Colleague: 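Before I ask anything, here is the structure I am working with.
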There are 2 protein chains.
Amino acid sequence: MRVPKRERQRQLEMSLEQNPFLTDEELSKQFKVSVQTIRLDRLECGIPELRERLKTVAARTMDAEVKSLQSDEVIGDIIDIELDKRAVSIFDVSDDHVFQRNGIARGHHLFAQANSLAVAVLDDDLALTVTSTLNFLKPVKSGDRVIARATVDKSRSNDKRTYVEVISTVENETVFTGEFQMYQTTDHSRREI
Amino acid sequence: MRVPKRERQRQLEMSLEQNPFLTDEELSKQFKVSVQTIRLDRLECGIPELRERLKTVAARTMDAEVKSLQSDEVIGDIIDIELDKRAVSIFDVSDDHVFQRNGIARGHHLFAQANSLAVAVLDDDLALTVTSTLNFLKPVKSGDRVIARATVDKSRSNDKRTYVEVISTVENETVFTGEFQMYQTTDHSRREI
DNA sequence: ACTGGTATTAGTACCAAGTGCTAATCCGGA
DNA sequence: TCCGGATTAGCACTTGGTACTAATACCAGT
């Protein structure tokens, strides 16, 4: 009993956490014990076999990829839209979106939600942001649900430039405002192709 | 030969693309052919077996997780920094960062690079963006290397507000400029703790 | 109707990486 | 010295395959 059992099992869990691809045989060499011991250790720690581990890791990937695919064009979920007029999207802030140090959401996520909503509200294949002015009014934390409301400012817009205003709130408090000047390339006079 | 072989193989590839977790037996039921036929199809199409498929999918995850961990705090790589004065970062635009429709980089990536550089240049644990004004001057495409240069504007700054200007270029052409008004919470008079 | 060729199916031996179980052995402390 | 937990060994069985051979099935052309 060179290394005590308990310590070996702790290390085993860490090894597999970091690299789930190790077989029992490889582990037995790493820890200089028999394959059977590794099996008993896994049994006691409730660690599944290689194939099951890979299955869950792979499932995680697919899930993440589907999500990132869905949210590819728009950050946040659009819950209401009236093209060329207004749109609303919600974005749930998670731990992935905040600074580790202080738990405050990183600005570019709020920007991304607002900006992609500004793009979406314009019924145009090639809407691009030209200029924007942003105000980060109140820190947003993990767990917050940010609701962004975009409105197209018709009065200031012309055929090549459109102004979109976005106001983002958390529990009815405004946390962010943004004004986006968008460039539209599509010639709307001959949209019907 | 209800469904022609070639067509079945095409569908097989699509099925596995979408759900790599299917065993040959499940596939044989889905296509109403024998397991052997499925095996032959996989062989002809060069599709590996279930376990190999899961292994590669799982590997993809691990890779992605490491990457997202690395790029957690700063978007782009900081290549030069002089705290509270200036900083430079580079960001390579890939297919992941552009609109599928037109291949133009989505605004929030340029913003994210600039904003995180503005945060990084301030030697402060709690620097937050208060206001920013952005100009997207020229479309950025996949493959472009964006160099962002941040400079702290001392003249306009005081103890609670700092102004940072960021200019991003691609091959010496300015593609984006941003002005960030940052809020610093740390009391610099008693920074040594 | 016969023949040829492709497609499909069936069956066998074998492999990796396990589970589940029993049995033997080791090793350290009271 | 003897007990008991820890370790190791061995065997049967499982999944989801590979690799290979042999038998059918089916369809077209002559």
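The structure presented is a predicted model; accordingly, all values stated were derived computationally and were not measured. Letters A, B, ... mirror the listed sequences (proteins, then strands); counts begin at 1.
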Colleague: Does B/V33 or B/K55 map to a spot on DNA chain C nearer the 5' end, using the closest nucleotide for each?
Modeller: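 The answer here is B/V33.
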Colleague: Should side-chain heavy atoms under 4.5 Å link Ile, Leu, Val, Met, Phe, Trp and Tyr, which residues sit in the same cluster as B/I79?
Modeller: B/V88, B/I90, B/I147
Colleague: When the distance from CG of B/L50 to P of D/dG17 is rounded to whole Å, what number comes out?
Modeller: 5 Å
Colleague: Test: salt bridge (charged side-chain N to carboxylate O under 4.0 Å, His left out). Region: residues 13-22 of chain B. Which pairs qualify, not counting sequence neighbours?
Modeller: none
Colleague: How close or far is atom C1' of C/dT6 from atom CD of B/Q9, stated in whole angstroms?
Modeller: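 Distance, rounded to whole Å: 13 Å.
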Colleague: Scan residues 40-49 of chain B against DNA chain D and write down, sorted by residue number, each residue with any heavy atom closer than 4.0 Å; if none is found, say none.
Modeller: B/R42, B/E49
Colleague: Which residues pass the ring pair (Phe, Tyr, Trp, His ring centres under 6.0 Å) test with A/H109, not counting sequence neighbours?
Modeller: A/H97
Colleague: Under 4.0 Å, heavy atoms only, any strand: does A/V35 hit a base, just the sugar-phosphate, or nothing?
Modeller: nothing
Colleague: Of the candidate nucleotides C/dT9, D/dG16, C/dA7, which contains the atom at the shortest distance from the side chain of B/K5?
Modeller: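 Closest nucleotide among those given: C/dA7.
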Colleague: Do the side-chain N or O atoms of A/R8 get closer than 4.0 angstrom to the phosphate oxygens (OP1, OP2) of D/dT7?
Modeller: yes
Colleague: Tell me: CD1 of A/I38 to C1' of C/dG18, nearest whole Å?
Modeller: 14 Å
Colleague: Filter on side chain to side chain donor-acceptor pair (under 3.5 Å), then keep only pairs touching residues 166-177 of chain A, sequence neighbours left out; what's left?
Modeller: A/N135-A/T177
Colleague: How many whole angstroms separate atom CD of A/Q36 from atom P of D/dG10?
Modeller: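 Distance, rounded to whole Å: 9 Å.
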Colleague: Roughly, in whole Å, what's the span from CG in A/L54 to P in D/dG17?
Modeller: 14 Å
Colleague: Which nucleotide sits closest to the side chain of A/D24: D/dT18, D/dG10, C/dG18?
Modeller: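 My answer, after comparing the listed nucleotides, is C/dG18.
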Colleague: When you get a sec, tell me which of C/dA16, D/dG10, C/dA10 is the closest nucleotide to the side chain of B/R51?
Modeller: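 Per side-chain heavy atoms of B/R51, the pick is C/dA16.
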Colleague: Roughly how many Å is it from CG in A/L22 to P in C/dG18, rounded to a whole number?
Modeller: 10 Å
Colleague: Base, sugar-phosphate alone, or nothing: which one does A/R53 contact when heavy atoms must sit under 4.0 Å apart?
Modeller: nothing
Colleague: Over how many whole Å does the gap from B/E7 atom CD to C/dT8 atom P extend?
Modeller: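 Going from B/E7 (CD) to C/dT8 (P), I get 13 Å.
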Colleague: With a 4.5 Å limit on heavy-atom distance, are the side chains of B/L50 and B/L22 in contact?
Modeller: no
Colleague: Does B/T37 make a side-chain N or O approach to OP1 or OP2 of C/dT9 shorter than 4.0 Å?
Modeller: yes
Colleague: My understanding is that a hydrophobic cluster links ILVMFWY residues whose side chain heavy atoms are under 4.5 Å apart, including indirect links. Using that, what else belongs to the cluster containing B/V35?
Modeller: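 Its cluster mates, by chain and number: none.
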Colleague: Could you tell me the separation between the CD atom of B/E52 and the P atom of C/dA16, rounded to a whole number of Å?
Modeller: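 My rounded result for the distance is 13 Å.
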Colleague: Check whether any side-chain heavy atom of A/F99 sits under 4.5 Å from a side-chain heavy atom of A/R106, and report yes or no.
Modeller: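 With C-beta onward as the side chain, the pair touches.
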